[in-house]
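Shown next, in structure tokens, is the structure this report addresses.
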Amino acid sequence: MLNFVFVLIFLALILSGFRFFKGPSSSDRVVALDTLTTIISVLLVTSSLFFDNYILLDISFVFAALSFTSVIVISRYLEGGNS
Amino acid sequence: MRFRDYLSLFLVIILGFIIFQAFDGTIDNGLNIKQFGEVNLSERTSIHYINKDVNNESTQIIYNESKNPESGSANYVTSIIANYRALDTLGEITVLFIAAAGLAFVLGDHNKNNAFASDASFIVKIGVKILFPLLFLLGIYIIIHGHLTPGGGFQGGAVIATAILLKFLAYKDYKLNHTGLTILESFAGISFLIIGLIGLYTDGSFLTNFLANGTIGTLFSAGVIPIIYILIGIKVGAELSGIISNLINA
Amino acid sequence: MILLTTLGYIMIILGSLFLLLGALGIVRMPDLYNRIQAGTKATTLGALSSIIGVGLVNPNWFFKTLIIAIFIVLTNPIGSHSIARSSYKSGLKPELQSEIDEYKPENIQDERSDLR
Amino acid sequence: MMILSYLLILLMIIGALAAVLFENLLNSIISLGLISLIAAALMFILKAPDVAMTEAIIGAGLTTSIFIFTLIKINRGDSQ
């Protein structure tokens, strides 16, 4: 059952990776990075179900909580107006 | 790309192929790394570390039942970092302290403005206002549960520093109190040394585990390891926050 | 119990299907703002559904997965809003010109960012 | 699971090449963020949770922001 989920996640990783390396502007790459982060955090949660280990959920905690920091930093830089 | 770049890429590929061959399972040279799913953990680290034993006196360890194993933390990485190799950890923290001090010496002028000229938008400000206490709590959780779950002092300190970084990104007038940071950092470092000296006084060697180990897997277990991890968390959080503050206010 | 497990697996598969659709939207949409739409809304829904599904399959984990879902709900919209605003300000124009552009400087009535 | 790991390794190698070959420095920094993200996922799959958590925290927030601050300082030095 979980193998089907991994196939879907595999396809999603390929598609968003394609946009990451193609994307015409930097903002496109940032959007692709954000999507990749969400997909990978889902991958971590489902694979901790696959490994059947409660402890491994802590890492997806950190992923879900902190991965938007880089997005905000890059968008503050793109916004311009740096003193 | 020039010819030199192609040549270096070619050399890297050849080197990777040689390394892959050396660690492949086909040649039996004692260095074999197994494939992803087939790894037994006891072949990955030294078996004596996992069984909490370096004196060859190991007994079966049962989670939540066994009392007073050698270094009673449930997460064996923690046993290695904060017990068997605690002196190493002290050195690492000193390295981080020297890096932060050098950065403060070069860039540390607290009267300068933020690198970003304006505040972030309304949504980011409110989001950071909601998220900041949650992230701080997450960092404290990771520090306190360092001997039970993955994570520990360094990771939790980095989470706290990231929360402070978000404050800096949202509000342009946010300033840290550097005197307080210095006091926290010095307190944590001196307490670490004092714990080591108490171990030297009671058991005869530096940084010995001089408290009772307790039942493995409970929150109050593993003797002196949680205290050391809390101190490491305070120190790393203060140092990384100081580094971020020095970099962004310049 | 068997019902809960089945429901959980259905939610996991639906969620990963939404993840795939979001990634497809990132590739196929014409310009940046549509890509943000696809890449954030669909993947947030997919991630939420999958993570709650894992909590339903294994009911002992439900509380922790709920907290992960709350963190995703809190953080993902902030990131997408921030990218959209910054790329508008850095001069990327939408490809399909729409009638309404509320973010033009002359259309902003009150400066919202002064609210604390 | 194994094929997924190979895909992740492939993405990581292409990201490393892209970080070297991009003309724009900002794109290189974004590629570095991608590399540390995938490294964290690979550490997780290889069952090294402590290293994965460190890589996720440091790579997600702190490294990217330090590079961006450096980039701001470089641009300011150019303009003056």
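Quick note: numbers below take in every heavy atom, side chains included, and nothing from hydrogens, waters or symmetry partners. Only a predicted model underlies this, so the values are computations on that prediction, with no experimental measurement involved.
Most heavy-atom pairs under 4.5 Å with chain A, from the set C/I68, C/N58, C/I36: that is C/I68. Per-residue counts of heavy-atom pairs under 4.5 Å with chain C were compared for A/L8, A/V71, A/I72; the largest is that of A/L8. For the set C/V27, C/I12, C/T43, C/T65, the count of heavy-atom pairs under 4.5 angstrom toward chain A peaks at C/V27. Between chain A and the residues C/I83, C/L74, C/L19, C/V57, the largest count of heavy-atom pairs under 4.5 Å involves C/I83. When the candidates A/S27, A/S16, A/G17, A/S41 are compared by the number of heavy-atom contacts under 4.5 Å with chain C, A/S27 comes out ahead. Between chain C and the residues A/F61, A/F10, A/F63, the most heavy-atom pairs under 4.5 angstrom are made by A/F61.
Counting non-hydrogen atoms of other residues, nucleotides and ligands closer than 6.0 Å to CZ of A/F20 gives a total above 12.
Taking CD1 from A/I9 and OG from C/S50, the interatomic distance works out to 6.5 Å, rounded to the nearest 0.5 Å. Note that CG of C/L32 is 5.0 Å distant from CG of A/D28, once rounded to the nearest 0.5 Å. We find the OG-NZ distance between A/S75 and C/K89 to be 11.5 Å, quoted to the nearest 0.5 Å. Considering OG of C/S87 and CD1 of A/I74, their distance stands at 12.5 Å, rounded to 0.5 Å. Taken from CZ in C/F63 to CG in A/L57, the straight-line distance is 13.0 Å, to the nearest 0.5 Å. In this structure, NZ on C/K64 lies 4.0 Å from CG on A/D58, to the nearest 0.5 angstrom.
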message: Checking C/I78 against A/F68 for the side-chain contact (heavy atoms from CB on, under 4.5 Å) test, could you report, in this order, the C-alpha distance in whole Å, the side-chain angles of both residues, the deciding distance, and whether it holds?
response: CA-CA 8 Å; C/I78 301 175; A/F68 78 116; 4.2 Å; yes
message: With side-chain contact (heavy atoms from CB on, under 4.5 Å) as the criterion, how do A/L11 and C/L24 come out once you've worked through the C-alpha distance, each side chain's angles and the decisive distance to 0.1 Å?
response: CA-CA 9 Å; A/L11 293 177; C/L24 189 66; over 6 Å; no
message: Evaluate C/V54 against A/T46 for side-chain contact (heavy atoms from CB on, under 4.5 Å), listing each step before the verdict.
response: CA-CA 7 Å; C/V54 169; A/T46 43; 4.2 Å; yes
Derivation and outcome, side-chain contact (heavy atoms from CB on, under 4.5 Å), residues C/T44 and A/T38: CA-CA 8 Å; C/T44 305; A/T38 316; 5.8 Å; no
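Interface remark: A/F18 contributes side-chain atoms only to the contact with chain C (heavy atom separation under 4.5 Å). Residue A/S25 touches chain C through its side chain alone, counting heavy-atom pairs closer than 4.5 Å. Looking at A/D34, only its side chain comes within 4.5 Å of chain C, counting heavy atoms on both sides. With a threshold of 4.5 angstrom between heavy atoms, A/S48 approaches chain C through its backbone and through its side chain. Contact annotation for C/L17: both backbone and side-chain heavy atoms come within less than 4.5 Å of a heavy atom of chain A. When heavy atoms are compared at a cutoff of 4.5 Å, C/T75 approaches chain A by way of both its backbone and its side chain. Interface remark: A/F4 contributes side-chain atoms only to the contact with chain C (heavy atom separation under 4.5 Å).
Tested against C/I26 for a side chain to side chain contact (heavy atoms under 4.5 Å, CB included), the candidates A/L36, A/V31, A/L15 yield a single pass: A/V31.
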